[in-house]
Amino acid sequence: MEIHRFEKLWVALSLLLIVGFIGTVTYGAVGAGVKMVDDTGGTVDANALNDHPRFGEPGTYQTGENQYDVYVITRQFLFEPGTNEPLRVPAGATVTFHITSSDVIHGFEVAGTNINLMAVPGQVSTVTVQFEETRSYGMICHEYCGAAHHTMEGQLQVVPQSEFTSSDLQNPEAFGDSEEPVNENQPDDGEEETE
Ligand code: CUA
């Protein structure tokens with residue numbers, strides 16, 4: 001069978017395109033460092049978050065030297081903490097976010113990072129990150145959650161280790177005696193404290 005050379009050319013180009021598509025999809029899946037959120041965060045009673053040992057007092061908990069767990073509740077239409085007061089974490093630390101919702105499905109996105117979780121009532125979504133830069137990030141809800149969805153935002157401040165004090169922790173007693181990074185003797189820098 002004779003195939004016209006133009007036809008051969010187009011067949012070859014089509015195959016090349018398909019190989020290219022497979023290549024880019026494969027790179028996006030395994031080469032770009034994209035991680036899927038799994039269900040290791042576990043479950044929680046969305047109607048009894050007040051009784052939960054951590055979600056009852058959401059915020060930043062120190063769990064080890066330079067390791068922190070951050071608990072955030074999403075609700076119509078705020079992040080708690082994050083909206084009424086900024087969430088604070090120290091730069092260079094390993095931070096695991098635990099996100100859940102007290103009412104409907106919300107989103108938890110830290111703009112400019114790859115932190116992007118769904119906040120589902122009864123489920124806890126987790127992601128572990130390190131912030132090297134000291135700067136502040138906007139937090140936004142990216143799942144439509146009601147009439148004021150577009151107003152649901154908050155702030156995450158990544159502060160130098162020296163400015164992160166035990167007053168930023170929900171469990172200051174746990175590691176408050178360690179020499180670093182939490183230091184109760186920091187001079188008062190005018191940051192207002194929660195509570
Ligand atoms: Cu919460 Cu949209």
Side-chain angles (χ1 to χ4, degrees), residues 25 28-29 32-63 67-91 93-159 163-164 167-172 191-195:
V25 168
V34 175
K35 277 194 288 184
M36 287 297 152
V37 176
D38 59 21
D39 61 358
T40 53
T43 59
V44 68
D45 183 350
N47 295 317
L49 290 179
N50 282 340
D51 302 330
H52 188 274
R54 295 293 175 84
F55 284 115
E57 293 279 351
T60 304
Y61 288 80
Q62 189 168 12
T63 55
Q67 285 195 327
Y68 299 86
D69 276 347
V70 173
Y71 289 78
V72 178
I73 298 174
T74 60
R75 62 175 90 245
Q76 289 168 322
F77 294 96
L78 50 84
F79 296 101
E80 186 188 335
T83 298
N84 291 329
E85 75 273 18
L87 198 55
R88 281 163 62 89
V89 297
T94 302
V95 178
T96 301
F97 289 91
H98 302 253
I99 313 296
T100 194
S101 169
S102 65
D103 42 37
V104 300
I105 291 176
H106 297 273
F108 178 81
E109 178 176 348
V110 180
T113 73
N114 63 354
I115 302 172
N116 185 323
L117 300 170
M118 277 177 81
V120 180
Q123 295 281 333
V124 182
S125 305
T126 59
V127 65
T128 300
V129 294
Q130 271 180 310
F131 297 99
E132 301 305 338
E133 261 184 282
T134 59
R135 55 165 283 188
S136 73
Y137 294 91
M139 286 158 37
I140 54 171
C141 175
H142 59 69
E143 298 279 343
Y144 182 75
C145 54
H149 156 71
H150 62 287
T151 68
M152 185 165 164
E153 59 180 11
Q155 202 187 50
L156 171 69
Q157 292 178 347
V158 182
V159 300
E163 289 178 23
F164 191 82
S167 64
D168 292 309
L169 290 176
Q170 294 291 11
N171 63 341
E191 290 285 346
E192 75 265 62
E193 297 176 12
T194 59
E195 294 175 340

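Remember, it's 1-based here, ligands and their atoms both numbered in the order they're listed.
Taking the ring centroids of Tyr71 and Phe97, they lie at or beyond the 6.0 Å cut-off. Between Tyr61 and Tyr68, the ring centre distance reaches or exceeds 6.0 Å.
The atom name of the N/O/S atom in His149 closest to atom 2 (Cu) of ligand 1 is ND1. The atom name of the N/O/S atom in Glu143 closest to atom 2 (Cu) of ligand 1 is O. When the N, O or S atoms of His106 are ranked by distance to atom 1 (Cu) of ligand 1, ND1 comes first.
Note: Leu117 CG to Glu109 CD = 10.0 Å, rounded to the nearest 0.5 Å.
Closest non-hydrogen pair, Pro81 versus Met139, comes out as O-CE, 4.2 Å.
Among the atoms of Met152, an N, O or S atom falls under 2.8 Å of atom 1 (Cu) of ligand 1. Here His142 fails the criterion, with no N, O or S atom under 2.8 Å of atom 2 (Cu) of ligand 1.
Between SG of Cys145 and SG of Cys141, the angle at atom 1 (Cu) of ligand 1 works out to 110°, rounded to 10 degrees.
Relative to the six-membered ring of Phe164, Arg88 misses at least one condition, a distance below 6.0 Å or an angle of at most 45° to the axis.
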